[in-house]
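Computed over heavy atoms, backbone and side chain alike; hydrogens, waters and symmetry mates excluded.
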Amino acid sequence: MFKKKNDKKGFSPIEVVIVLLVIAVMIAVIYKRYEIYKEKMFQTAITYDIKNINLILTLYKVKNGKYPEKLDEIYKNGYLLTEDNKSILSVIKFENGHFVVNGNVLKYDKNKGKVYIEKNK
């Protein structure tokens with residue numbers, strides 16, 4: 001006799017909750033991947049900065065006949081600057097007479113002319 005009219009428009013609360021849960025899971029997965037890639041990029045930047053410093057040490061030796069006594073000599077003499085006075089290093093910083101990355105100090109072996117990272121204890 002009477003026909004029920006289905007005037008209901010939109011989604012039920014359960015459907016909305018399910019969609020929100022799926023979106024939340026997707027965001028969590030994407031964020032985790034982003035953090036992994038961000039750490040990999042940072043480690044790559046450190047590697048290239050150390051390679052650049054080692055190349056500069058070689059350049060210093062070619063120019064001066066010996067490696068610098070202290071690592072800060074290459075900083076003070078402008079070896080780490082571009083023509084427009086910007087640092088060629090992306091993540092390694094010069095602080096208090098030392099090169100520092102993430103709280104770790106770069107150590108310098110002046111006999112070999114190489115730098116390396118010494119982890120904080």
Side-chain angles (χ1 to χ4, degrees):
M1 268 199 232
F2 294 103
K3 285 188 176 179
K4 263 190 170 176
K5 247 184 164 179
N6 193 0
D7 289 331
K8 190 175 175 184
K9 293 182 181 177
F11 298 104
S12 71
I14 295 291
E15 292 170 325
V16 172
V17 168
I18 290 172
V19 169
L20 289 176
L21 284 173
V22 168
I23 291 172
V25 168
M26 290 172 56
I27 289 173
V29 168
I30 291 170
Y31 182 75
K32 182 65 178 168
R33 298 294 287 171
Y34 168 75
E35 289 297 316
I36 290 169
Y37 285 124
K38 186 174 158 186
E39 180 61 27
K40 284 182 181 180
M41 288 187 312
F42 185 73
Q43 293 300 325
T44 302
I46 291 170
T47 300
Y48 280 106
D49 278 358
I50 289 175
K51 285 181 181 182
N52 281 333
I53 291 172
N54 286 328
L55 285 171
I56 289 168
L57 289 168
T58 302
L59 174 67
Y60 185 96
K61 182 179 181 185
V62 168
K63 190 173 182 180
N64 299 300
K66 64 180 178 113
Y67 290 114
E69 289 298 316
K70 294 183 180 179
L71 198 54
D72 66 346
E73 288 180 39
I74 62 172
Y75 179 81
K76 291 178 181 174
N77 292 327
Y79 282 86
L80 297 173
L81 300 176
T82 61
E83 291 176 356
D84 54 353
N85 286 331
K86 293 183 181 175
S87 176
I88 64 165
L89 304 176
S90 57
V91 293
I92 295 176
K93 305 296 179 210
F94 187 76
E95 299 172 357
N96 302 323
H98 299 287
F99 287 97
V100 179
V101 60
N102 250 14
N104 298 314
V105 176
L106 284 181
K107 293 297 178 179
Y108 171 54
D109 181 351
K110 70 178 180 180
N111 297 323
K112 294 180 181 177
K114 299 288 180 190
V115 294
Y116 57 93
I117 296 177
E118 181 176 272
K119 303 271 184 195
N120 281 342
K121 296 172 185 163

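- The heavy-atom pair separating V101 from V91 by the smallest distance is CG2-O, 4.1 Å.
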Margin query: Quick one, F94 with L80, criterion side-chain contact (heavy atoms from CB on, under 4.5 Å). Give me CA distance, side-chain angles, the key distance, then yes/no.
Written below: CA-CA 10 Å; F94 187 76; L80 297 173; 6.0 Å; no
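- Nearest heavy atoms, G113 versus N54: O-OD1, 3.8 Å.
- Side chain of D109 to main chain of N111: a donor-acceptor pair is present (N/O by atom type, distance under 3.5 Å, no hydrogens or angles).
- Note that CG of N104 is 8.0 Å distant from CD1 of I46, once rounded to the nearest 0.5 Å.
- One distance of note links OH of Y48 with OG1 of T44; it measures 7.0 Å at 0.5 Å rounding.
- Here the NZ atom belonging to K51 is positioned 10.5 Å from the NZ atom belonging to K114, to the nearest 0.5 angstrom.
- Side-chain contact between V19 and F11 is absent, with no heavy-atom pair separated by less than 4.5 Å.
- In this structure, the separation between OG1 on T47 and CG on N52 is 11.0 Å, given to the nearest 0.5 Å.
- At least one side-chain heavy atom of F99 sits less than 4.5 Å from a side-chain heavy atom of L89.
- Contact check for I53 versus L57: side-chain heavy atoms found under the 4.5 Å cut-off.
- The shortest distance between side-chain heavy atoms of L55 and L59 does not fall below 4.5 Å.
- Between the CG atom in L81 and the CD1 atom in I74 there is a gap of 10.5 Å [rounded to 0.5 Å].
- Residue Y108 comes nearest to E69 through the heavy atom pair CE2-O, 3.8 Å, listed as atom of the first residue, atom of the second, then distance.
- Going from atom CE of M26 over to atom CD1 of I23 covers 7.5 Å, rounded to the nearest 0.5 Å.
- When all heavy atoms are compared, the tightest approach of E73 to P68 is OE1-CB, 3.6 Å.
- Between the E35 side chain and the K32 main chain, no donor and acceptor come within less than 3.5 Å of each other.
- Counted within 6.0 Å of OH on Y67, heavy atoms from surrounding residues, nucleotides or ligands total more than 12; the atom is thus considered enclosed.
- Heavy-atom contacts from other residues, nucleotides or ligands closer than 6.0 Å to CG of L21 number more than 12.
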